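Please read all numbers here as calculations on a predicted model, not as lab measurements. Letters go in sequence order (proteins before strands), and every chain restarts at 1.
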Amino acid sequence: MKDKLKEAVETLKVDYMDVRIEDRMETRIQYVGNKLEQLGEISSFGGTVRVKDKGRWGVVSFTDMEDFDKSVFLAAREAKIGKPAEYDLAESPVIEDYIKVSLQDSENPMKINIDEKEKLVRDYNEIILSQDKINNSSIFYKDVGVKKFFVNSEGTYIEQERSECGMSVQAIAKEGLNVQKYADSLGGIDGFKVVTDIDDKIRKIAENAASLLNAKPAKGGRFDCLIDPRMSGTFIHEAFGHMSESDHICENDKLKKEMYTGREIGVDSLTAIDDGTLEHGMGTNKYDDEGVLCRKNYLIKDGKIVGRLHSKDTAGKMGESVSGNARAIDFKFEPIVRMTNTYIEPKDWSFDEMLREIEEGYYVKGSQGGMTNLDVFTFSAGEAYKVEKGQIGEKVRDLTLTGNIFETMNKIDAIGNDLEIFNSGGSGGCGKAGQSPLPISRGGPHIIIRDVIVGGR
Amino acid sequence: MERKVIERALKEYSCADAELFVVKLEKYPVSFEANKLKSVKSRLIKGYSLRIIKNGRIGFASSTSLAGNEDKLIDSAVKSSSFGPKADFSFWSGKRYPQPEVFFPATVSFEVEEAEQMARHIVLRLREMIPESYIDVNVTKSFVEASHFTSQSEKTYYKSLFSLSATALLVRSGELLYINEGLDGCNIPENPLSITGDIAWKEKLSAKSVESPSKKMQVIFTPKTMPYLMQGFTTGLTGRNIASKSSPLYGRKGESILDDRVSIYDDGIMPSGPASAPFDDEGVPRQRFALFSKGVLKNYYLDLASAAALNEEPTGSADRRFLMPPQAAPSNLYMEPGNCDYQEMLEGIDDGLVIDQVIGGGQSNLLNGEFSMNVELGFRVKHGKIVGRVRNTMVAGNVYELFKDNIEAIGNRCEADGSIFTPHVLFKDVSISGRE
C-alpha cells in the first residue's frame with residue numbers, strides 16, 4: 001500500500017496532492033422495543049484522492065482499488081477546471097508515523113464477539129422496558145475499527161488505527177396520546193468498558209422519559225437560565241465552536257471583521273478550548289485527516305477571541321498556522337474543518353451560588369440536539385425546571401433555547417467549578433456539510449446565561 | 001458474481017433464502033463557495049448488502065467489495081443470523097414493477113465543465129442582483145445503478161439525479177442573512193436561473209429588520225418550511241414506530257385525524273421525482289398511496305418487516321442508506337393543494353408571519369408531533385403587507401393540533417423542496433416567541 005500511494009503522489013506534477021485510504025469494520029446492533037431491529041457487520045474499504053493545481057481542487061473518492069489510477073487521473077483533470085488562483089497551503093511538518101490501537105484484546109471492541117455485544121444491548125433494553133410507564137425503547141450500539149493510510153506530496157506518510165464504541169439510548173413513555181421521550185448517548189476510545197456497567201445511567205434515561213409525562217410544556221419568552229454541563233457543552237459547540245471553523249470565515253471579509261483575534265466576546269472568566277489531544281475524548285486522534293498533529297487550541301481566553309480551527313487550506317488562505325482540525329467522517333469524504341473535543345474551562349462559582357442568582361427562569365438539563373447557522377443557534381433541552389427566587393420548581397418539557405451568537409455569548413455571567421465532558425457515541429456526533437455523525441466530545445461546567453429566548457407555547 | 005453469492009448461501013451455507021442489494025453510485029458535485037470555485041469532486045462508490053434467512057432468523061452483512069470477499073460476507077451474515085431478528089417474512093421475488101421516468105440520458109451526459117459554467121453563471125447573476133452578497137452554489141449530477149437479487153428473481157434499474165442549490169449570504173451590522181433556493185429531480189431543470197429571481201426578491205423583502213411579539217398569531221408556512229411540519233407526520237407513520245406501537249397514529253387507520261381539506265400522499269413513482277424508482281431497496285414495487293385522504297388516516301410506510309409485524313402488505317417504502325439494513329421511510333411526499341392564491345392568503349393576515357426558512361427542525365419530540373424552531377428567514381405581515389424581516393423569533397406548536405382545527409387556508413399551488421411537494425398553508429394562531 002505504502003509504495004503504491006507514494007508512487008502516485010510522486011508522479012503527478014501539481015501544487016499538492018494527498019491520498020487517504022481507510023479499511024473499516026463496523027458493528028451495529030439495535031433493539032427497538034423488545035425486537036432486535038438490526039444486527040450485523042459492515043466492512044468497507046475506500047479512499048479519497050485530492051489534487052490541488054494552481055489553487056483549484058479536484059477530489060475523487062472510490063471504493064474499489066481498481067479505480068485508484070482512474071481516480072488520480074480524474075482528480076488531476078478536475079483540478080484544471082475553472083480559473084487558477086494563487087495561494088499556498090499552510091506548512092506542516094513532514095511526518096512518518098505508525099499509530100496502533102493500544103487496547104488489550106479483552107477491551108478492544110473489534111476483538112469482542114458479536115454475541116457478547118448483543119447480550120449487553122439486550123440487557124440494557126430490558127432495564128428500560130421494565131421501568132414504569134415505558135412503552136418503547138431504542139438502543140443502538142455501534143463500534144468502529146479503522147485503519148487509515150495517509151500520504152501527501154510533501155513527504156508525509158502515516159498509518160493510524162482507531163477503535164471506538166458507543167451507544168444511543170432512547171426511552172419512550174406513553175400515557176394515552178401523550179408520548180414523551182428521553183435520549184442520551186455515550187461512547188469512547190478507551191475500549192469496551194465505556195459501554196459496560198452503566199445500568200444506573202440506563203435506568204435514569206427511562207425515569208426521565210416517564211417523568212416528562214407529567215411535565216407541562218415550557219412557557220416561551222425571555223428568561224435567565226442555569227445551564228447544566230451537558231447543555232453548556234452543546235452551547236459552546238453550537239454557538240461558538242462552529243463559528244471558529246475557519247472555512248466559514250476565510251473567504252468572507254465581513255465575517256473576518258466580526259471574528260477578529262482579540263475581540264471581546266464575553267465576560268473575563270470565559271475561556272473556551274478545542275483540544276484534539278484530550279485524554280479519553282471521543283474527538284481525540286494523534287493526527288488529523290491531513291496528517292497534521294492534533295493539539296490543544298484556545299478559542300476564547302479571558303473573554304477574548306484568541307484562535308480558530310484550521311485545515312491546511314484555510315490556514316494557508318488566512319496566513320495562520322495549522323491547528324490539526326481537518327477531519328472526514330470516512331473515506332467517502334474529503335477532510336473539512338471540524339471540532340474535536342470542545343469545552344468551557346471551569347471557574348469558581350458553586351452550583352448553589354448560581355441557583356441563588358436566578359430570580360425567575362429555568363434550570364436547563366440535558367441536550368437533545370442543537371444547530372447553528374453561524375448567526376443564531378437553537379438547542380433543545382432534555383429536561384428543564386422552573387426556578388423562582390433561587391428555588392427549583394416544577395418540571396417542564398419541550399424547552400428550546402435560541403439567540404444570536406454574539407449577543408448570547410455576552411450574556412454568560414457566571415461560570416461554575418464543576419467541569420464535565422461528554423463523549424458522542426452510537427448515532428450521536430456532530431454534523432456539517434453532509435458529513436454526520438463525526439465523533440466528538442463537548443462539555444463545560446454549569447453556567448448562567450441571562451435573558452435568553454426560550455421557545456415554547 | 002452476484003448470482004453466485006445467492007447460490008452459495010443456499011447450497012453451501014444451507015440458508016433458506018438470500019437477498020443481495022447492490023448499489024453503484026457515481027456523483028459529481030461542483031461547488032462554488034463565497035463566489036469562487038471551491039472544488040470539483042467525484043464519488044465512485046459500490047455497496048453490497050446481503051441478507052439471509054437461516055433457521056427462521058435474518059442475518060445481515062454488507063461490504064464495499066464482493067470479488068474475493070464472498071466468503072467473508074456470507075459467513076458474517078450467517079453468523080449474525082444465529083441471534084438475528086426472527087424472519088416473519090420472505091424476501092421479495094416479484095418480477096413486476098412500474099417504470100417511472102427516472103433515467104434521463106441528458107443528465108448523465110452533462111459534463112462537469114457544463115456544471116461549472118452553470119454554477120458560475122448563477123453566481124455572477126446573483127452578484128449582479130445583490131452586489132454585497134457571498135454566493136454558494138452547488139451543482140451535482142449523479143448516476144445510480146441499483147440491483148436486487150433473490151434466489152427467484154433479479155432486477156436492475158438505472159436512475160439519474162440532478163441537484164442545484166444556491167445560498168446568498170449577507171452580513172449586515174453583525175447579523176447574517178441567508179437565503180437558499182434549490183431544485184432537485186432526475187433531469188436538468190429547464191430554467192436553472194429561476195432560483196436567482198426568488199433569492200433576489202427575498203433579499204429585497206429583508207431590507208428592513210423588525211421584531212416579533214411573543215403571542216399567538218397567523219402564520220404562513222411556505223413550501224420550504226412545510227417539510228418540517230410534515231416530518232411530524234412522517235415520523236409517526238413509519239413502520240417501525242407503528243409496529244412498536246409508540247406512534248400516536250398506531251391502530252387509527254380509518255379515523256379522521258386531520259382537517260378534511262388535508263390529503264397527503266407518498267408518491268414513489270412520480271416522474272423525475274428525486275425519490276422515485278421502479279422498486280424500493282427490498283425489491284418491492286414503488287407506488288403512489290394515500291397517507292391521509294380528506295383528513296382520514298389511510299396508510300403507513302411499511303417495509304417487509306413492519307408489514308409482516310402488522311399483517312399488512314408492504315408499501316414499497318424500504319430505504320437503505322449506504323451499506324445499512326433497510327427501514328421504512330418516505331419517498332416523495334405530496335400534499336394536495338387547496339384553492340387559495342398566495343397573494344390572497346397574505347392579504348388575509350392582519351398581524352402575522354410568513355416563515356420561509358428555519359433552523360432546529362427535528363430536535364423536538366417529533367413522534368408526538370411537537371416542533372420548536374428558530375425562524376432563519378421570516379417576514380412580519382401587517383394588514384396584508386410584508387413590513388420586514390423578523391429577527392430573534394421562535395415558532396412552536398404541535399402538527400396534530402395545527403392540522404386539525406387551525407388551518408385557515410391552503411395554497412393553490414405545490415412547490416418542491418427536495419422530494420417534498422407542498423402548498424403554502426396559513427394557520428390561524430401559532431405560538432411565536434420574540435422580543436418585541
Side-chain angles (χ1 to χ4, degrees), chain A residues 32-33 35-46 56-64 67 71 74 78 81-82 85 114-115 118 135-136 172 174 177 179-181 220-222 251-252 254-255 258 332 368-369 371 373-376 378 380 398 400 402-404 406 453-457, chain B residues 33-34 36-47 59-65 69 72 76-77 79-80 83-85 112-113 116 134 169 171 174-176 178 214 240 244-246 248 323-325 359-360 362-365 367-368 370 372-374 376 392 394-397 431 433 435:
Chain A
V32 175
K35 195 166 165 262
L36 178 61
E37 186 79 23
Q38 59 165 309
L39 178 145
E41 290 172 338
I42 296 165
S43 71
S44 55
F45 176 91
R56 300 163 298 188
W57 284 100
V59 183
V60 179
S61 47
F62 57 92
T63 53
D64 193 337
D67 288 335
S71 299
L74 200 55
E78 289 173 351
I81 294 174
I114 195 163
D115 42 349
E118 188 271 342
N135 138 283
N136 201 7
I172 296 175
K174 191 174 174 189
L177 290 180
V179 184
Q180 296 299 327
K181 65 163 192 182
R222 301 165 70 186
E251 298 282 3
N252 187 324
K254 290 187 174 160
L255 211 51
E258 299 285 342
K332 295 194 292 296
Q368 304 286 295
M371 227 177 196
N373 66 2
L374 305 182
D375 180 33
V376 296
T378 76
S380 304
D398 301 321
T400 310
T402 191
N404 172 275
F406 286 111
I453 300 174
V454 171
R457 292 198 275 153
Chain B
E33 216 174 81
K36 291 183 206 154
L37 179 65
K38 167 89 189 307
S39 66
V40 180
K41 290 188 253 185
S42 309
R43 194 177 290 169
L44 316 165
I45 282 185
K46 292 175 204 164
F60 172 84
S62 65
S63 177
T64 48
S65 63
N69 194 34
K72 221 174 112 189
S76 170
K79 210 169 71 185
S80 81
F83 33 90
V112 283
E113 285 83 358
E116 193 268 342
Y134 293 91
L169 165 63
V171 187
E175 291 178 355
L176 306 191
Y178 292 90
S214 287
R240 181 189 279 185
S244 65
K245 302 182 185 168
S246 52
L323 299 178
M324 298 299 152
I359 68 165
Q363 286 172 28
S364 309
N365 185 354
L367 195 53
N368 219 15
E370 299 289 329
S372 181
M373 307 178 292
N374 184 295
E376 182 179 62
N392 301 303
M394 291 289 285
V395 55
S431 295
S433 311
R435 51 181 198 190

**Student:** Looking at CD of A/Glu251 and NZ of B/Lys36, how far apart are the two atoms once the value is rounded to the nearest 0.5 Å?
**Tutor:** 3.5 Å

**Student:** Answer yes if the side chains of A/Thr378 and B/Asn374 hold a donor-acceptor pair under 3.5 Å, and no otherwise.
**Tutor:** no

**Student:** Looking only at heavy atoms and a cut-off of under 4.5 Å, which of B/Leu44, B/Leu367, B/Asn392 has the most pairs with chain A?
**Tutor:** B/Leu44

**Student:** What are the two closest heavy atoms between B/Arg43 and A/Lys332, and how far apart are they?
**Tutor:** NE-O, 3.3 Å

**Student:** Output the distance between atom OG1 (B/Thr64) and atom CZ (A/Phe45), rounded to the nearest 0.5 Å.
**Tutor:** 7.5 Å

**Student:** Which heavy-atom pair separates A/Met371 from B/Gly360 by the least distance, and what is that distance?
**Tutor:** SD-N, 3.0 Å

**Student:** Could you pull out all residues at least two apart from B/Asn368 that satisfy side-chain hydrogen bond (donor to acceptor under 3.5 Å, both in side chains)?
**Tutor:** none

**Student:** I'd like to know if B/Lys41 and A/Glu78 make a salt bridge, using a cut-off of under 4.0 Å between side-chain N and carboxylate O.
**Tutor:** no

**Student:** Heavy-atom pairs under 4.5 Å with chain A - which of B/Leu323, B/Leu37, B/Asn365, B/Val112 has more of them than the others?
**Tutor:** B/Asn365

**Student:** First locate atom OG of B/Ser246, then atom NZ of A/Lys181, and finally report the distance between them rounded to the nearest 0.5 Å.
**Tutor:** 11.0 Å

**Student:** Please look at A/Glu118 and chain B and tell me whether the side chain, the backbone, both or neither of the residue comes under 4.5 angstrom of a heavy atom of that chain.
**Tutor:** side chain

**Student:** Which answer fits A/Val32, side chain, backbone, both or neither, if we ask what part of it has an atom under 4.5 Å from a heavy atom of chain B?
**Tutor:** side chain

**Student:** I want to check something: taking the side chain as every heavy atom from C-beta on, are B/Lys245 and A/Asn136 in contact at a cut-off of under 4.5 Å?
**Tutor:** no

**Student:** Considering all heavy atoms of both residues, which atom of B/Lys46 and which atom of A/Asp67 are nearest to each other, and what is their separation?
**Tutor:** NZ-OD2, 4.3 Å

**Student:** Quick one: CG on A/Asn373 to CD1 on B/Ile359, what's the gap to the nearest 0.5 Å?
**Tutor:** 4.5 Å

**Student:** For A/Thr402 and B/Met373: C-alpha separation, side-chain torsions, deciding distance, then whether side-chain contact (heavy atoms from CB on, under 4.5 Å) applies.
**Tutor:** CA-CA 9 Å; A/Thr402 191; B/Met373 307 178 292; over 6 Å; no

**Student:** Side chain from CB out, backbone as N, CA, C, O: work out which of these in A/Leu74 comes under 4.5 Å of a heavy atom of chain B, or both, or neither.
**Tutor:** side chain

**Student:** Shortest non-hydrogen contact from A/Gly220 to B/Ser433?
**Tutor:** CA-OG, 3.8 Å

**Student:** Please lay out, stage by stage, how B/Phe60 and A/Ile42 fare under the test side-chain contact (heavy atoms from CB on, under 4.5 Å).
**Tutor:** CA-CA 9 Å; B/Phe60 172 84; A/Ile42 296 165; 4.2 Å; yes

**Student:** Hey, which of B/Ser431, B/Ser214, B/Ser42 has the most heavy atom pairs under 4.5 Å with chain A?
**Tutor:** B/Ser42

**Student:** Within the structure provided, determine whether B/Leu169 and A/Asn252 are in side-chain contact (heavy-atom separation under 4.5 Å).
**Tutor:** yes

**Student:** Is it the backbone or the side chain of A/Lys35 that comes under 4.5 Å from a heavy atom of chain B, or both, or neither?
**Tutor:** side chain

**Student:** Nearest 0.5 angstrom please: A/Asp398 CG to B/Ser372 OG, how far?
**Tutor:** 7.5 Å

**Student:** When rounded to the nearest 0.5 angstrom, what is the spacing between CZ in B/Phe83 and CD1 in A/Ile114?
**Tutor:** 5.5 Å

**Student:** With a 4.5 angstrom heavy-atom cut-off, could you sort out which part of A/Asp64 is near chain B: side chain, backbone, both or neither?
**Tutor:** side chain

**Student:** Please rank B/Ala34, B/Pro248, B/Pro85 by heavy-atom pairs under 4.5 Å with chain A and give me the top one.
**Tutor:** B/Pro85

**Student:** Taking B/Ser63 for its side chain and A/Ser43 for its backbone only, find out whether a donor-acceptor pair lies under 3.5 Å.
**Tutor:** yes

**Student:** Assess whether side-chain contact (heavy atoms from CB on, under 4.5 Å) is satisfied between B/Glu376 and A/Val376, documenting all intermediate values.
**Tutor:** CA-CA 8 Å; B/Glu376 182 179 62; A/Val376 296; 5.7 Å; no

**Student:** What pairs with A/Gln368 under side-chain hydrogen bond (donor to acceptor under 3.5 Å, both in side chains), at least two apart in sequence or on another chain?
**Tutor:** none

**Student:** Where on A/Ile172 is there a heavy atom nearer than 4.5 Å to chain B: the side chain, the backbone, both, or neither?
**Tutor:** side chain

**Student:** What part of A/Leu39 lies closer than 4.5 angstrom to a heavy atom of chain B: side chain, backbone, both or neither?
**Tutor:** both

**Student:** Does a side-chain heavy-atom distance below 4.5 Å link B/Tyr178 with A/Leu374?
**Tutor:** yes

**Student:** Between the side chains of A/Ser380 and B/Ser364, is a donor N or O closer than 3.5 angstrom to an acceptor N or O?
**Tutor:** no

**Student:** Name the member of B/Ser76, B/Ser80, B/Ala77, B/Ser62 that forms the most heavy-atom pairs with chain A at distances under 4.5 Å.
**Tutor:** B/Ser62

